[in-house]
Amino acid sequence: MSKEQTNDFLEKRAWLSEICDSQSTEELKTKYDSWANTYDADVREDWSFMPVTIARTLSKLLPKKNAKILDAGAGTGLVGEALAQQGYTNLTAVDLSEKMLAIAKERQVYKALHQSNLEDSKLFSHSTNFDAIIAAGVFAYAHAGAEVLNNLFGFLKEEGLFLLTIREDYRRGMQTALDQLPWTLVSEEDFPIYDETKLMYLLAFKKEQ
């Protein structure tokens, strides 16, 4: 990508650099609260295919439509809406931003919504386990890393599925943490994101018994 193309790219997506430059969880929360009302429109060009793709991938791996599913980092509920369109009925949302969750609630696809930091190990009781956990757009710069990954993994049932999106460059830094968990990679897809030279992966893991 030329310098001119890069400048044009960033001008059209000012939200991308701003959100990924956050220096703290509180700053990230504040930015997402401020962004909530325009989020869907802003990400539509680059991201609209992903919720549908995630829902279709999960449907192939987990046909049980009343499976207990956690949408971690649910945002405005785009993934939850796509899951509901695939027939899933038992969805729980958690997100850092109260205002993003307020929009997600309006979609009327979640049984429960929780405003919380994904690093909170007390978010759910030890008896609360999910058949599947979705983390779309969560593992990214200034967002979440190994601590969140390990925390969410603890809420997954044995033989449960964990679907996450991750950019190629960020994946390199996370690969050790991904490899250390007792699970098996059962699905991997990649898509160009933002421009033809950047790849976003959709990975699906199955927790071992």
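- Between atom OG1 of residue T57 and atom CD of residue E188 there is a gap of 12.0 Å, rounded to the nearest 0.5 Å.
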_Set out, in order, the CA-CA distance, both residues' side-chain angles and the distance that settles ring-ring contact (aromatic ring centres under 6.0 Å, His included) for F124 and F155, then state yes or no._
CA-CA 8 Å; F124 301 105; F155 301 128; 5.2 Å; yes

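- Here the side chains of W35 and V43 are in contact, with some heavy-atom distance below 4.5 Å.
- Distance check, rounded to the nearest 0.5 Å: CG of L152 to CD of E119 gives 10.0 Å.
- The same ILVMFWY cluster, assembled from side-chain heavy atoms under 4.5 Å apart, contains both L62 and V186.
- In this structure a side-chain-to-backbone donor-acceptor pair under 3.5 Å is missing from D120 to S116.
- Going from atom NZ of K99 over to atom OG1 of T30 covers 9.5 Å, rounded to the nearest 0.5 Å.
- The distance from atom CG of N117 to atom CD of E26, rounded to the nearest 0.5 Å, is 10.0 Å.
- Side-chain contact between L101 and Y110: absent, with no pair of heavy atoms (C-beta onward) separated by less than 4.5 Å.
- The cationic atom of R167 (NZ for Lys, CZ for Arg) does not lie both less than 6.0 Å from the six-membered ring centre of Y201 and within 45° of the ring axis.
- What you find for S187 and L61 is that their closest heavy atoms are CB-CD1, 4.4 Å.
- Listed here is the closest heavy atom pair of R171 and I166: CA-CD1, 3.6 Å.
- Between L96 and L118, every side-chain heavy-atom pair lies at or beyond the 4.5 Å cut-off.
- Taking each heavy atom of N151 and S121 in turn, the nearest pair found is OD1-CA, 3.1 Å.
- A distance-only check finds a donor-acceptor pair linking the side chain of Y88 to the backbone of L58 [under 3.5 Å].
- Ion pairing between a basic and an acidic side chain is recognised when a charged N comes within 4.0 Å of a carboxylate O; R44 and D40 show no such pairing.
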_side chain to side chain contact (heavy atoms under 4.5 Å, CB included) assessment of K206 paired with W183_ = CA-CA 5 Å; K206 187 173 185 179; W183 58 14; 5.9 Å; no

*asked:* Under the criterion side chain to side chain contact (heavy atoms under 4.5 Å, CB included), I'd like the reasoning laid out for L123 against H114: C-alpha separation, chi angles, the key distance, then a yes or no.
replied: CA-CA 8 Å; L123 175 58; H114 304 271; 4.3 Å; yes

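- When only modelled atom types and interatomic distance are considered, K65 and S59 share a side-chain donor-acceptor pair under 3.5 Å.
- Annotation: the span from Q175 atom CD to Q180 atom CD amounts to 10.5 Å, rounded to 0.5 Å.
- The shortest side-chain heavy-atom distance between K64 and N66 falls under the 4.5 Å cut-off.
- Atoms CD1 and CZ, on I103 and R107 in that order, are 7.5 Å from each other to the nearest 0.5 Å.
- In this structure, N129 and G154 approach most closely via the heavy-atom pair OD1-O, 3.7 Å.
- S97 and Q115 share no donor-acceptor pair across their side chains, judged by distance under 3.5 Å alone.
- In this structure, D95 and D71 have side chains that are not in contact, with every pair of non-hydrogen atoms separated by 4.5 Å or more.
- Within the structure, salt bridge (charged side-chain N to carboxylate O under 4.0 Å, His left out) pairs that include any residue of residues 142-162 comprise D131-K157 (at least two apart or interchain).
- Heavy atoms only, all atoms of each residue included: L164 and F139 are closest at CB-CD1, 4.2 Å.
- Using a 4.5 Å cut-off on side-chain heavy atoms (C-beta onward), I133 and I69 make no contact.
- Taking the side chain as every heavy atom from C-beta outward, L149 and F153 never approach each other to under 4.5 Å.
- Contact annotation: the side chain of F162 never approaches that of L203 to less than 4.5 Å [non-hydrogen atoms, C-beta and beyond].
- Both F205 and L181 are assigned to one and the same hydrophobic cluster, defined by single-linkage of ILVMFWY side chains at heavy-atom distances under 4.5 Å.
- Here the closest heavy-atom approach between residue V109 and residue L91 is recorded as O-CD1, 3.5 Å.
- Judged by distance alone, the side chain of K207 and the main-chain N or O of L161 form no donor-acceptor pair under 3.5 Å.
- Distance alone, capped at 3.5 Å, places no donor-acceptor pair between the T76 side chain and the A104 backbone.
- With a 6.0 Å radius and a threshold of 12 heavy atoms from other residues, nucleotides or ligands, Q108 has its CD atom at or below the threshold.
- A 6.0 Å sphere centred on NZ of K29 holds more than 12 heavy atoms belonging to other residues, nucleotides or ligands.
- The aromatic ring centres of F49 and F191 sit less than 6.0 Å apart.
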